[in-house]
Amino acid sequence: QVQLVESGGGLVQPGGSLRLSCAASGSIFSINAMGWYHQAPGKQRELVAAITSGGRTNYADSVKGRFTISRDKAKNTVYLQMNTLKPEDTAVYYCNAQIRIRSWTSEYNYWGRGTQVTVSS
């Protein structure tokens, strides 16, 4: 079994910061890309940021310059540092990882349960 567990969400004022963490655990042979998505009420889930196993990053235009994604490969953990938060960043944030559980199996997408981020005064 593979689990992704997010932490670090909460309520913050506009202009504030939060740091999200997501740790992958269980039967893991390797992890390729890891990323963060968000979903606001009534909207589709969208990519926020992603990072490959080689450290290459990709960001949604709306968060460039404000958010930073990073990972600790030894801990199977990905982070999202969110600065200068805006009310429109309010959403449930989901962790995603492309995981291979055995050397001979394909990679599958795994998702965390999500953590709520609310930006409001």
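Predicted, not measured: the structure shown is a model, and the values here were computed from it.
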Quick check: is [Y] connected to [X] through a chain of hydrophobic side chains (ILVMFWY, heavy atoms under 4.5 Å apart)?
| X | Y | answer |
| --- | --- | --- |
| Val92 | Leu80 | no |
| Tyr59 | Tyr94 | no |
| Tyr37 | Met82 | no |
| Trp111 | Trp36 | no |

Contacts of Ser120 that satisfy side chain to side chain contact (heavy atoms under 4.5 Å, CB included) - sequence neighbours left out: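 With neighbours one apart ignored, the set is Leu11, Thr118.
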
Going from [atom1] on [X] to [atom2] on [Y], what distance comes out if it is rounded to the nearest 0.5 angstrom?
| X | Y | atom1 | atom2 | answer |
| --- | --- | --- | --- | --- |
| Ser106 | Ile99 | OG | CD1 | 14.0 Å |
| Met34 | Ile51 | CE | CD1 | 9.5 Å |
| Asn83 | Arg19 | CG | CZ | 11.0 Å |
| Lys86 | Ser62 | NZ | OG | 8.0 Å |
| Tyr108 | Asn32 | OH | CG | 15.0 Å |

Crowding at CD, Gln44 (>12 non-hydrogen neighbours, <6.0 Å):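 It does not: Gln44 CD has 12 such atoms or fewer within range.
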
[X] versus [Y], closest heavy-atom pair with distance:
| X | Y | result |
| --- | --- | --- |
| Thr57 | Ile69 | CG2-CG2, 3.7 Å |
| Ser17 | Gln81 | CB-NE2, 4.0 Å |
| Leu4 | Ala24 | CD2-CB, 3.2 Å |

Residue pairs involving residues 65-79 (criterion side-chain hydrogen bond (donor to acceptor under 3.5 Å, both in side chains); sequence neighbours excluded):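 Only Arg66-Asp89 qualify under side-chain hydrogen bond (donor to acceptor under 3.5 Å, both in side chains).
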
Side-chain contact, heavy-atom cut-off 4.5 Å: [X] with [Y]?
| X | Y | result |
| --- | --- | --- |
| Val5 | Ser25 | no |
| Leu85 | Phe67 | yes |
| Ile31 | Glu107 | no |

Whether Tyr93 and His38 hold their rings parallel, tilted or perpendicular, with breakpoints at 30° and 60°: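 Rings of Tyr93 and His38: perpendicular, as their planes differ by over 60°.
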
Partner set under side chain to side chain donor-acceptor pair (under 3.5 Å) for Arg102, not counting sequence neighbours: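 Listed in chain order: Ser27.
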
